[in-house]
Amino acid sequence: MENKMTKTPFITADKLDQITAEFPTPFHLYDEKGIRETARAVNAAFSWNPGFKEFFAVKATPNPAILKILKEEGCGVDCATDTELVMSNKIGFDSTAISFTSNDTRAEEFVYARDINATINLDAYEDIFFLEEAAGLPETLSLRFNPGGVFSLGTDIMDHPEESKFGMTKEQLFKGYAYLKEKGVKSFGLHAFLASNTVTNEYYPTLAAQLFELAVEIKNELGVSLDFINLSGGVGVDYTPANKQNDIAVIGEGVHTKFDEILVPNDLGDISIYTELGRFMTAPHGLVVTKVLHIKDTYRRYVGVDASAVNLLRPAMYDAYHHITNMTNPNGDIQVVDVTGSLCENNDKFAKNRELPEARIGDTLVIHDTGAHGFSMGYNYNGRLRSAEILYQEDGTARMIRRAETMNDYFATLDGFDFEI
Ligand SMILES: *Cc1c(COP(=O)(O)O)cnc(C)c1O
């Protein structure tokens, strides 16, 4: 049986009723105020570092309206593909505010990244030569490190870098910087992403200490003084109603302490700290809004809603917990139910054996913490269509920032048929 504690949505039931009267469910709803507050908290937590910049991981919430909000708050963007680079460039991010952290990259993507002068972060040692051949070496280049082994905090194993396809070995890293220096590259960065969705204030400081020690070694061995160290993503959110969230101010101070201990005495106190947070920035500031279509009783009670895994894949893919609130009947009798979508896949369940106030046909449910890796992981199985995205603006009004797909969108890429309806 799952947890009975609650999470409070960022919107009231009355306000949400007004929005569902205007926009049909299901849709993703984002909270502008919350996104701005988180961006400000991140910037404040690292304000001790003059060169600090958060490069929001576009893949978490790839909508221009969201990216513009983050841009206004002084954030940059980290892109994984040329599509994300094009979007970021068109929105008007400065080249210094765009980074490109890809892997298994196509040559034309490197060419485009060079064209718009995005900061390239290379995943593989072999990529150095691939990039040189495809697009030439830029003046600034960052390399992604993978130390192998396991990443632990004290006795807790957080992740297994040795099983990760990302990054290069220490030996490759050193060979890489030496080669790039010889080739005239002037400005160097170091990047690592060693654990995903951590909920502990220790992850970033521990990672930072590891990278700072490495920066000292790189300086001593190669005479290369890094210009920036990118702590990447991995600072997560607590999806459960226990709500034991990371404290970004404590995290920033933890990194600051390591910076002063390790980099400053080694004459590396000018290094800029970069982050590429995705989940932490937007996950808590999004909801999937959905209505109950059917109640079905067999060996369990099934609450069938109008959203499905195409709108939010995390529960089906990772068995991830997302809290659910019944906005219409919050004080109903508690029942133990599965909340399901309509796909012909038994994993299309947003909750299993969950205690929820009685859900009735027509009730509005919200699925929490869907602001990152929610809409963006969507797909079209069963011919189900992607939903709209709605921004709940600071002034209390709602604005559609992406319309729902139509069947014509779905049919548009088929060649030789005209299914227009
Ligand atoms: C996914 C990703 C991020 C963001 O990770 P979160 O856990 O969402 O913060 C940052 N950098 C890179 C390279 C990524 O692939």
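Side chains are part of it too, since the values below use all heavy atoms of this structure and drop only hydrogens, waters and symmetry mates.
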Legend entry - Shortest non-hydrogen separation from Tyr381 to Leu343 and the atoms involved: O-CD2, 3.8 Å
Legend entry - Contact check, side chains of Asp31 and Ile11, non-hydrogen atoms, under 4.5 Å: no
Inset, instruction - Would you please say whether a donor-acceptor pair under 3.5 Å links the side chains of Thr325 and His368? - result: yes
Inset, instruction - State whether Glu37 and Lys33 are salt-bridged, where the test is any N-O pair (Lys NZ or Arg NE/NH1/NH2 against Asp/Glu carboxylate O) under 4.0 Å. - result: yes
Inset, instruction - Identify the two heavy atoms, one from Phe23 and one from Met400, that lie closest to each other, and give their separation to 0.1 Å. - result: CE2-CB, 3.8 Å
Inset, instruction - Show your reasoning for whether ring pair (Phe, Tyr, Trp, His ring centres under 6.0 Å) applies to His285 and Tyr30. - result: CA-CA 6 Å; His285 310 306; Tyr30 304 109; 10.0 Å; no
Inset, instruction - For residues Arg106 and Asp82, determine if any side-chain heavy atom of one lies less than 4.5 Å from a side-chain heavy atom of the other. - result: yes
Legend entry - From Ile120 atom CD1 to Cys79 atom SG, the distance as rounded to the nearest 0.5 Å: 11.5 Å
Inset, instruction - Would you check if there is a donor-acceptor pair between the side chains of Thr282 and Thr61 at a distance under 3.5 Å? - result: yes
Inset, instruction - For Thr370 and His322, work out which heavy atoms get closest and say how close. - result: CG2-ND1, 3.8 Å
Inset, instruction - Report yes if some heavy atom in the side chain of Phe110 is under 4.5 Å from a heavy atom in the side chain of Pro138; otherwise report no. - result: no
Inset, instruction - First locate atom CG of Leu277, then atom CD1 of Ile248, and finally report the distance between them rounded to the nearest 0.5 Å. - result: 6.0 Å
Inset, instruction - In sequence, state the C-alpha distance, the side-chain angles, and the governing distance for Tyr112 and Phe100, and then conclude on ring pair (Phe, Tyr, Trp, His ring centres under 6.0 Å). - result: CA-CA 10 Å; Tyr112 184 73; Phe100 183 49; 8.8 Å; no
Legend entry - Rounded distance (nearest 0.5 Å) linking atom CZ of Phe27 with atom CG of Leu287: 9.0 Å
Inset, instruction - Could you point out which residue of Asn311, Asp409, Asn380 forms a side-chain contact (heavy atoms from CB on, under 4.5 Å) with Arg386? - result: Asn380
Legend entry - N/O donor-acceptor pair under 3.5 Å between Lys71 side chain and Ile91 backbone: no
Inset, instruction - Of all the heavy-atom pairs spanning Arg384 and Ser308, show the shortest one and how long it is. - result: CG-OG, 4.3 Å
Legend entry - Atom pair CD1/CG of Ile128 and Leu131 - distance to nearest 0.5 Å: 9.0 Å
Inset, instruction - State, without any angle test, whether Asp306 and Thr290 hold a side-chain donor-acceptor pair at a distance under 3.5 Å. - result: yes
Legend entry - Close side-chain approach of Thr364 to Val289, heavy-atom, < 4.5 Å: yes
Legend entry - Check: Gly74 main-chain N/O paired with Lys53 side-chain donor or acceptor under 3.5 Å: yes
Inset, instruction - State whether Tyr125 and Lys175 meet the cation-pi test: NZ (Lys) or CZ (Arg) under 6.0 Å from the six-membered ring centroid, and within 45° of the perpendicular axis. - result: yes
Legend entry - Leu312 versus Phe350, closest heavy-atom pair with distance: O-CE2, 3.7 Å
Inset, instruction - Look only at the side chain of Asp78 and the backbone of Ala57, and say whether a donor-acceptor pair between them is shorter than 3.5 Å. - result: no
Legend entry - Interatomic distance, Lys244 atom NZ to Asp238 atom CG [nearest 0.5 angstrom]: 7.5 Å
Inset, instruction - Sort out for me which residue in Phe259, Tyr274, Tyr204 forms a side-chain contact (heavy atoms from CB on, under 4.5 Å) with Phe46. - result: Tyr204
Inset, instruction - Using only heavy-atom distances, determine whether the side chains of Asp395 and Thr397 contain a donor-acceptor pair under 3.5 Å. - result: yes
Legend entry - Carboxylate-amine/guanidinium proximity below 4.0 Å for Lys349 and Asp338: yes
Inset, instruction - Give the minimum heavy-atom separation between Thr96 and Phe55, together with the two atoms involved. - result: O-CE2, 3.6 Å
Legend entry - Spatial distance of atom CE (Met168) from atom CG (Leu122) [nearest 0.5 Å]: 6.0 Å
Inset, instruction - Could you give me the CA-CA distance, side-chain angles and deciding distance for Phe188 and Tyr177, then say whether ring pair (Phe, Tyr, Trp, His ring centres under 6.0 Å) is met? - result: CA-CA 8 Å; Phe188 298 91; Tyr177 287 125; 5.8 Å; yes
Inset, instruction - Taking only Lys NZ, Arg NE, NH1 and NH2, and the carboxylate oxygens of Asp or Glu, determine whether Asp123 and Lys165 approach each other closer than 4.0 Å. - result: no
Inset, instruction - Establish, from distance only, whether the side-chain atoms of Asn230 and Glu276 form a donor-acceptor pair under 3.5 Å. - result: yes
Legend entry - Among Leu226, Leu268, Ile273, side-chain contact (heavy atoms from CB on, under 4.5 Å) partner for Phe212: Ile273
Inset, instruction - Taking atom types as modelled, find out whether Asn326 and Asp363 have a side-chain donor-acceptor pair closer than 3.5 angstrom. - result: yes
